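Encoded as structure tokens, the structure appears first; notes follow it.
As the structure is a prediction and not an experimental result, all values here were calculated from the model.
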Amino acid sequence: MANEIRLDNLPRTVALEHDGEGRACFSYIDQRKLPEVLAFERTGQWRQVVDAIKTLAVRGAPVIGIAGAAALALWACNEGASRACSHGCDPAASRFLEELEAVVDEIVAARPTAVNLEWAVRRAAHRARALADEGAFPDEVADALFADAQRMEAEDEAVNRAIGAHGAQLVGPGSRLLTHCNAGSLATAFYGTALGVVYAAAERGLVERVYADETRPVGQGARLTAWELSRVGVPCTLICDNMAASLMAAGRVDAVLVGADRIAANGDTANKIGTYGVAVLARHHGIPFYVAAPTSTIDFSLADGSGIPIEERDPSEVLPYPLAGVDVWNPAFDVTPASLITAIVTERGVFAPGELR
Ligand code: MRU
């Protein structure tokens with residue numbers, strides 16, 4: 001029998017709108033406050049969005065791409081276009097475009113590993129330049145950036161639902177699935193990638209339970225995945241990261257499903273720190289290991305994962321109070337070699353890691 005899946009219990013993660021005065025504004029769930037409080041923030045300031053990305057208030061590869069495009073739209077609508085037009089609009093928009101380049105660089109630098117951020121923001125900047133070349137005024141370019149960012153938010157859900165439908169075909173009846181970090185609705189506009197596969201499979205009655213790794217040091221599994229699954233009504237068991245091996249050895253995991261922050265052309269995949277270890281464990285125990293991600297997460301410019309930049313975060317995430325003589329190493333991501341990945345699911349279908357397109 002199909003589980004009763006209550007996706008309407010999940011809020012949309014972000015929204016780009018106009019406020020009562022016609023200014024562009026961006027709303028987002030502050031994920032740092034979950035699971036205690038479901039709090040929404042609203043701002044017209046592009047730098048607040050950049051800060052939200054840096055501090056993990058908004059996190060997860062697909063949604064930081066959307067937030068980055070929205071930050072650029074906030075700058076263009078609320079600052080860039082009005083400044084460019086204050087002394088009479090310049091159709092060549094040269095000053096506007098100069099400022100835009102600096103804003104783009106600042107947004108892209110917020111987080112280096114997930115390629116979605118750079119992909120979304122550079123794509124928007126390219127469109128702005130093309131429109132200006134055609135003679136568009138800065139306020140027209142700003143309106144286009146706003147509409148594009150809104151469209152990206154809407155399209156993300158459709159992409160995730162397609163990933164879910166393809167991925168559900170890999171899930172057998174009564175499956176016990178293990179996931180790491182949060183690749184759920186909160187990491188996207190809505191629905192999620194790895195958890196999108198869980199939702200699609202659960203709607204078909206295929207999921208017995210999801211094991212959520214706690215995901216040290218920031219606890220995305222404990223705070224976000226467990227919260228999400230509980231709201232939707234998918235049975236969830238939370239485990240500490242160091243329990244996955246015993247769980248697999250006990251024969252209690254049928255498949256592993258994770259998201260991705262950047263996938264190289266050969267299928268090597270960067271995802272939350274600890275993913276690589278889970279993949280090694282899965283291989284040792286003969287358990288399939290699946291990656292679910294949109295094609296915007298694939299970086300075809302990198303032949304393999306050795307060129308993926310790995311973000312190192314503040315030591316205080318690992319050790320809240322400094323200890324004399326103790327250093328902390330805090331990489332936020334690791335790279336799982338393609339050889340450990342059974343298949344990669346995108347909105348286009350299910351692929352062997354070396355056969356991405
Ligand atoms: O540091 P985070 O929380 O942004 O890391 C997120 C992850 O590693 C996710 O698994 C990944 O972005 C995929 S989200 C669909």
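A donor-acceptor contact closer than 3.5 angstrom is absent between the side chains of Arg262 and Thr113. Side-chain atoms of Asn160 and Thr193 include no donor-acceptor pair closer than 3.5 Å. Using modelled atom types, one finds no donor on one side chain facing an acceptor on the other under 3.5 Å when comparing Thr188 with Glu157. Looking only at atom types and distance, the side chain of Thr297 has a donor-acceptor partner in the side chain of Asn116 under 3.5 Å away. With no hydrogens or angles considered, no side-chain donor-acceptor pair links Asn330 and Glu312 at under 3.5 Å.
Residues Leu186 and Trp227 meet the side-chain proximity criterion, which asks for heavy atoms closer than 4.5 Å. Using a 4.5 Å heavy-atom cutoff, the side chains of Thr275 and Val335 are not in contact. Between Trp75 and Arg47 the shortest side-chain heavy-atom distance does not fall below 4.5 Å. Between Lys272 and Val218, the closest side-chain pair of non-hydrogen atoms is not below 4.5 Å. At least one side-chain heavy atom of Leu117 sits less than 4.5 Å from a side-chain heavy atom of Ile107. Here the side chains of Asp213 and Ile239 are in contact, with some heavy-atom distance below 4.5 Å. In this structure, the side chains of Val198 and Leu177 come closer than 4.5 Å at one or more pairs of heavy atoms. Counting only heavy atoms from C-beta outward, the side chains of Thr269 and Ile344 approach each other to under 4.5 Å.
Connection of Leu206 to Leu7 is established within a shared hydrophobic cluster, with ILVMFWY side chains joined at heavy-atom distances below 4.5 Å, either directly or through further cluster members. Hydrophobic clustering, with ILVMFWY side chains joined whenever heavy atoms are under 4.5 angstrom apart, keeps Ile341 apart from Val345. Side-chain heavy atoms closer than 4.5 Å link hydrophobic residues (I, L, V, M, F, W, Y) into clusters, and following such links, even through other members, never connects Leu170 to Val253. When hydrophobic clusters are built by joining Ile, Leu, Val, Met, Phe, Trp and Tyr residues whose side-chain heavy atoms come closer than 4.5 Å, directly or via intermediates, Phe333 is not grouped with Val108.
With respect to Asp105 and Arg122, a salt bridge is recorded, a charged nitrogen being found less than 4.0 Å from a carboxylate O. Ion pairing of Glu101 with Arg129 is present here, as a side-chain N (NZ or NE/NH1/NH2) and a carboxylate O approach within less than 4.0 Å. Asp241 and Arg216 are not joined by a salt bridge, as no carboxylate oxygen comes within less than 4.0 angstrom of a charged side-chain nitrogen. Ionic pairing of Arg6 and Asp8 is not present here: no N-O contact between side-chain nitrogen and carboxylate oxygen is shorter than 4.0 angstrom. Between Arg223 and Glu36, none of the side-chain N atoms (NZ, or NE/NH1/NH2) sits under 4.0 Å from a carboxylate O, so this pair counts as no salt bridge. Between Glu153 and Arg12, at least one side-chain nitrogen of the basic residue sits less than 4.0 Å from a carboxylate oxygen of the acidic one, meeting the salt-bridge criterion. The existence of a salt bridge linking Arg151 and Glu155 is excluded, since no basic side-chain nitrogen approaches an acidic carboxylate oxygen closer than 4.0 Å.
Relative to the six-membered ring of Trp119, Arg123 meets both conditions, a distance below 6.0 Å and an angle of at most 45° to the axis.
The OG1 atom of Thr13 sits 13.5 Å away from atom OH of Tyr28, with the distance rounded to the nearest 0.5 Å. With rounding to the nearest 0.5 angstrom, the CD atom of Gln31 is 8.5 Å from the CG atom of Leu56. Annotation: the span from Glu41 atom CD to Cys25 atom SG amounts to 12.5 Å, rounded to 0.5 Å. Considering CD1 of Ile308 and CG of Asp299, their distance stands at 7.5 Å, rounded to 0.5 Å. Rounding to the nearest 0.5 Å gives a distance of 8.0 Å between CZ of Phe289 and OG1 of Thr342. To the nearest 0.5 Å, atom OG1 of residue Thr215 and atom CG of residue Leu224 are 9.0 Å apart.
Other residues, nucleotides and ligands contribute more than 12 heavy atoms inside 6.0 Å of the OH atom of Tyr290. Within 6.0 Å of CD on Gln45 lie no more than 12 heavy atoms contributed by other residues, nucleotides or ligands. Under a cut-off of 6.0 angstrom, the local environment of NE2 in His18 is crowded, with over 12 non-hydrogen atoms contributed by other residues, nucleotides or ligands.
A distance-only check finds no donor-acceptor pair linking the side chain of Asp261 to the backbone of Ala114 [under 3.5 Å]. Not a single donor-acceptor pair under 3.5 Å links the side chain of Asp314 to the backbone N or O of Glu317. In this structure a side-chain-to-backbone donor-acceptor pair under 3.5 Å is present from Glu228 to Ser185. Judged by distance alone, with hydrogens and angles left aside, the side-chain atoms of Asn78 form no donor-acceptor pair with the main-chain N or O of Arg23 at under 3.5 Å. When atom types are taken as modelled, the side chain of Glu140 and the backbone of Phe137 share a donor-acceptor pair closer than 3.5 angstrom.
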- Could you walk me through whether Val258 and Val278 pass side-chain contact (heavy atoms from CB on, under 4.5 Å), step by step? CA-CA 10 Å; Val258 296; Val278 177; 5.6 Å; no
- Item | Evaluation steps, side-chain hydrogen bond (donor to acceptor under 3.5 Å, both in side chains), between Gln220 and Thr225 | CA-CA 7 Å; Gln220 289 92 334; Thr225 296; over 6 Å; no
- Query: Can you list the steps and then say if Phe96 with Val141 is a side-chain contact (heavy atoms from CB on, under 4.5 Å)?
  - Reply: CA-CA 10 Å; Phe96 176 81; Val141 175; 3.7 Å; yes
Table please: side-chain donor-acceptor pairs of residues 349-357 below 3.5 Å, with sequence neighbours left out.
none

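Annotation: salt bridge (charged side-chain N to carboxylate O under 4.0 Å, His left out) contacts of Lys54 (sequence neighbours excluded): none.
The two atoms that bring Phe40 and Pro11 nearest to each other are CZ-CB, 3.8 Å, heavy atoms only. Of all non-hydrogen atoms in Phe190 and Arg161, the two that sit nearest each other are CE2-NH2, 3.7 Å. Nearest heavy-atom pair across Pro294 and Val159 is CB-CG1, 3.7 Å. Looking at every heavy atom in both residues, Ala264 comes nearest to Asp304 through CB-C, 3.3 Å.
Using bins of under 30°, 30° to 60° and over 60° for the plane-to-plane angle, the ring pair Tyr191/Tyr199 lands in the perpendicular bin.
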